[in-house]
Chemist: 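Next up is a structure, given as structure tokens.
Letters go in sequence order (proteins before strands), and every chain restarts at 1.
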2 protein chains.
Amino acid sequence: MGIDQNTPAALPNKGETGMEQHKVFVAVDIALFTIREGTFQVLMIKRGIPPFLDFWALPGGLIRMDIGPRGETPEEAALRELKEETGLTAGFGHLEQLGTYGDPHRDPREERAISIAYVGIGPELSDPSGGSDASLASFLPVVEVEEESIGQLAFDHYLIVKDAIARARAKLEYTTLATKFCSPAFTISELRAVYETIWGTSLDPGNFQKKVLAADGFLEDTGEKAESSATGGRPAKLYRAGAASSISPPIRRN
Amino acid sequence: MGIDQNTPAALPNKGETGMEQHKVFVAVDIALFTIREGTFQVLMIKRGIPPFLDFWALPGGLIRMDIGPRGETPEEAALRELKEETGLTAGFGHLEQLGTYGDPHRDPREERAISIAYVGIGPELSDPSGGSDASLASFLPVVEVEEESIGQLAFDHYLIVKDAIARARAKLEYTTLATKFCSPAFTISELRAVYETIWGTSLDPGNFQKKVLAADGFLEDTGEKAESSATGGRPAKLYRAGAASSISPPIRRN
DNA sequence: TTTGTTATTGTAATAATTACTATATCATAA
DNA sequence: TTATGATATAGTAATTATTACAATAACAAA
């Protein structure tokens with residue numbers, strides 16, 4: 001909406017008073033998920049500055065207004081902060097807005113600050129490294145983060161990361177999100193492992209196979225086969241993600 | 001996110017320079033849906049001030065920082081602006097965040113402004129009236145708004161309202177949202193009419209009945225019966241909304 | 001009492017899902 | 001070369017869910 005729908009007239013120029021009282025800090029945060037070592041993990045940093053010094057937090061920071069003629073987009077800010085704080089860059093397949101967190105007390109400092117949160121998803125990613133304002137960056141198992149008491153995470157990041165986890169789990173059912181956790185070519189078993197790992201359930205291999213193959217646009221046959229594993233067994237066909245973004249009927253959680 | 005995750009140290013005090021360059025205007029907008037005269041409608045205002053003077057827009061405005069010790073929440077701002085611009089207050093059953101729109105060019109004025117958009121839903125509401133900054137407030141049929149060319153709506157409100165419509169349509173399937181369009185006690189036919197109106201489809205009455213009654217927590221029998229209608233027929237039982245917020249299996253769109 | 005109308009229940013045909021079995025295809029060990 | 005073990009993939013019968021449609025219930029009004 002517009003700046004002045006609740007003000008008598010047009011906006012005064014930048015730097016003048018009056019309207020400045022309406023401005024707030026706008027940050028972005030990103031919950032980047034992947035599967036590592038067979039477990040569902042989320043990227044977090046250990047804060048190197050106050051407030052919440054040494055607390056775990058999601059990567060993020062303020063949107064910059066000095067990039068481009070009118071500042072950067074929130075998505076650009078999320079990717080920039082991710083890179084600055086963890087060293088991770090692109091190479092992941094999905095970024096979507098989760099929601100905006102605007103409680104007036106979410107930041108203990110004097111100034112009001114809201115945050116636009118994002119969910120990112122990628123296949124096994126390179127190792128993160130600490131960066132600006134972060135003494136450490138690391139993938140943490142989601143189950144451990146969920147068990148944390150709320151006070152162990154900076155700001156309202158416990159709330160954000162819980163929402164992000166719920167979003168990821170829910171979207172597996174009715175979208176092709178699971179393929180974003182996989183490398184460009186993957187087997188149906190690998191895809192099933194994504195579901196099983198994130199949901200914490202086990203799925204019938206035969207029925208799963210039929211379901212995902214029946215879902216139009218979910219998988220595309222590459223014509224290749226996976227190398228046979230060390231443990232033996234018939235080599236699986238390799239697929240790539242198809243064009244569909246939603247699947248019906250959904251893959252259900254048993 | 002914290003204010004300073006991308007800055008060297010703690011935040012300077014209010015009014016000092018340096019950090020001010022990061023602040024932006026934060027607005028809220030609300031797409032309030034209802035069913036009137038058998039059609040799916042959305043509340044819009046005609047702008048009484050530039051920019052986009054005389055364009056249709058969603059009700060909304062800037063978050064105020066001078067309400068309460070730390071300013072109002074985004075939800076509070078949405079309800080306040082709704083009341084100021086349209087006269088409508090409470091009496092509607094559902095408010096949820098849609099998403100935040102932050103394109104640097106979404107507002108043509110010099111200052112950067114983002115908007116947190118909300119979706120509201122209510123049963124047939126009292127008539128809106130124009131208010132501050134709005135020369136007119138009116139419920140418009142959703143099908144007409146969808147047909148508008150993008151340039152007929154202020155700012156990026158065409159984009160927002162399209163997302164809001166899609167959200168409402170999608171959530172009918174797997175949530176109990178439809179009951180929010182109904183008065184406190186309603187018949188299954190009224191509920192079915194909500195689906196049919198919003199989806200623009202027709203549903204089998206018998207099968208619909210069985211589905212919604214089978215969905216645990218969707219409907220609660222009041223023990224009452226509706227008055228028999230002018231057109232005759234067996235009087236329907238009256239239900240109220242149950243405690244469930246999601247339904248499975250979903251109600252499908254045929 | 002009959003007719004019209006809508007609500008609600010019932011039912012048979014069809015479709016989808018599940019649990020389970022069978023077969024295919026590979027590596028490796030006998 | 002031939003078993004054996006392992007995993008992928010295909011098949012199948014029982015079950016369950018869904019659909020299309022018919023039947024009945026409950027009212028108003030002619």
Side-chain angles (χ1 to χ4, degrees), chain A residues 38 172-174 178-179 182-183 185-197 199 201-216 218-240 246-254, chain B residues 38 172-174 178-179 182-183 185-197 199 201-216 218-240 246-254:
Chain A
L172 285 194
E173 288 197 29
Y174 59 94
T179 62
C182 300
S183 35
F186 55 89
T187 67
I188 292 184
S189 287
E190 286 165 7
L191 185 66
R192 179 164 47 84
V194 170
Y195 281 90
E196 292 179 329
T197 302
W199 285 347
T201 59
S202 70
L203 301 170
D204 180 275
N207 293 337
F208 182 83
Q209 180 119 356
K210 276 179 290 183
K211 264 189 195 173
V212 298
L213 290 176
D216 214 55
F218 195 3
L219 298 184
E220 259 176 40
D221 198 333
T222 63
E224 312 267 302
K225 285 184 180 183
E227 302 168 34
S228 43
S229 70
T231 112
R234 174 174 171 175
K237 290 192 203 170
L238 283 172
Y239 295 86
R240 70 174 74 89
S246 67
I247 46 183
S248 75
I251 311 293
R252 276 189 280 172
R253 238 153 152 151
N254 254 358
Chain B
L172 285 194
E173 287 197 31
Y174 58 93
T179 61
C182 299
S183 36
F186 55 88
T187 67
I188 292 183
S189 287
E190 286 166 6
L191 185 66
R192 179 165 46 84
V194 170
Y195 281 90
E196 291 179 329
T197 302
W199 284 346
T201 59
S202 70
L203 302 170
D204 180 276
N207 293 336
F208 182 83
Q209 181 120 355
K210 276 178 290 185
K211 264 189 194 173
V212 297
L213 289 177
D216 215 54
F218 195 1
L219 298 183
E220 260 177 39
D221 198 334
T222 63
E224 313 266 304
K225 285 186 179 179
E227 302 168 33
S228 44
S229 71
T231 113
R234 174 175 172 174
K237 288 193 204 169
L238 282 172
Y239 296 85
R240 70 175 75 88
S246 67
I247 47 184
S248 77
I251 310 293
R252 275 190 279 171
R253 237 152 152 151
N254 252 0

Chemist: Under the side chain to side chain donor-acceptor pair (under 3.5 Å) test, which residues partner A:Arg240, sequence neighbours left out?
Modeler: A:Glu220
Chemist: Whole angstrom is fine here: how far is it from CG in A:Asp204 over to P in D:dT12?
Modeler: 17 Å
Chemist: Hey, what do you get for CZ (A:Phe186) to CG (A:Leu219), rounding to the nearest 0.5 Å?
Modeler: 5.0 Å
Chemist: Heavy-atom contacts under 4.0 Å between residues 208-215 of chain B and DNA chain C, which residues?
Modeler: B:Gln209, B:Lys210
Chemist: Taking five pairs at each end of the helix from C:dT1-D:dA30 to C:dA30-D:dT1, what angle separates the two helix axes (nearest 10°)?
Modeler: 20°
Chemist: Report each atom pair, protein N/O against N/O of nucleotides 2-6 of chain D, whose distance is under 3.5 angstrom.
Modeler:
{"unit_1": "D:dA6", "atom_1": "O3'", "unit_2": "A:Thr231", "atom_2": "OG1", "d": "2.9"}
{"unit_1": "D:dA6", "atom_1": "N3", "unit_2": "A:Gly233", "atom_2": "N", "d": "3.4"}

Chemist: Measuring only between side-chain heavy atoms, which start at C-beta, is A:Glu227 closer than 4.5 Å to A:Pro235?
Modeler: no
Chemist: Taking any heavy-atom pair under 4.0 Å as a contact, classify A:Thr187: base, sugar-phosphate, or nothing.
Modeler: nothing
Chemist: Mind checking what makes side-chain contact (heavy atoms from CB on, under 4.5 Å) contact with B:Asp221, not counting sequence neighbours?
Modeler: B:Lys237, B:Tyr239
Chemist: Rounded to whole angstrom units, what separation is found between the CD atom of B:Glu227 and the C1' atom of D:dA28?
Modeler: 13 Å
Chemist: So how far is it from A:Phe218 CZ to A:Ile188 CD1, rounded to the nearest 0.5 Å?
Modeler: 9.5 Å
Chemist: Nucleotide range of DNA chain C contacted by chain B, 5' to 3', under 4.0 Å to a heavy atom?
Modeler: C:dG4 to C:dT11
Chemist: Residues in ring pair (Phe, Tyr, Trp, His ring centres under 6.0 Å) with B:Phe208, at least two apart?
Modeler: B:Tyr195
Chemist: Mind checking side-chain contact (heavy atoms from CB on, under 4.5 Å) for A:Lys211 and listing every partner two or more places apart, or none if nothing turns up?
Modeler: A:Ile251
Chemist: Which residues satisfy the side-chain contact (heavy atoms from CB on, under 4.5 Å) test with A:Ala236, sequence neighbours excluded?
Modeler: A:Thr187
Chemist: When the nearest nucleotide of DNA chain C is assigned to A:Arg252 and to B:Pro235 on a heavy-atom basis, which residue is associated with the more 5' position?
Modeler: B:Pro235
Chemist: Once you round to the nearest 0.5 Å, how far does OG1 of B:Thr179 lie from CD of B:Glu190?
Modeler: 12.5 Å
Chemist: Where each residue is assigned the nucleotide of DNA chain C containing its nearest heavy atom, which of A:Gly206 and B:Lys237 is assigned the position nearer the 5′ end?
Modeler: B:Lys237
Chemist: Give the minimum heavy-atom separation between A:Val194 and A:Cys182, together with the two atoms involved.
Modeler: CG2-SG, 3.9 Å
Chemist: Residues in salt bridge (charged side-chain N to carboxylate O under 4.0 Å, His left out) with B:Glu173, at least two apart?
Modeler: B:Arg253
Chemist: Not counting sequence neighbours, which residues clear side-chain contact (heavy atoms from CB on, under 4.5 Å) with B:Thr197? List them please.
Modeler: B:Ile35, B:Phe40
Chemist: Once salt bridge (charged side-chain N to carboxylate O under 4.0 Å, His left out) is applied, do any residues pair with A:Glu224, and if so which ones, sequence neighbours excluded?
Modeler: none
Chemist: Between A:Leu238 and B:Pro250, just flag the one whose closest nucleotide in DNA chain D comes earlier from the 5' side.
Modeler: A:Leu238
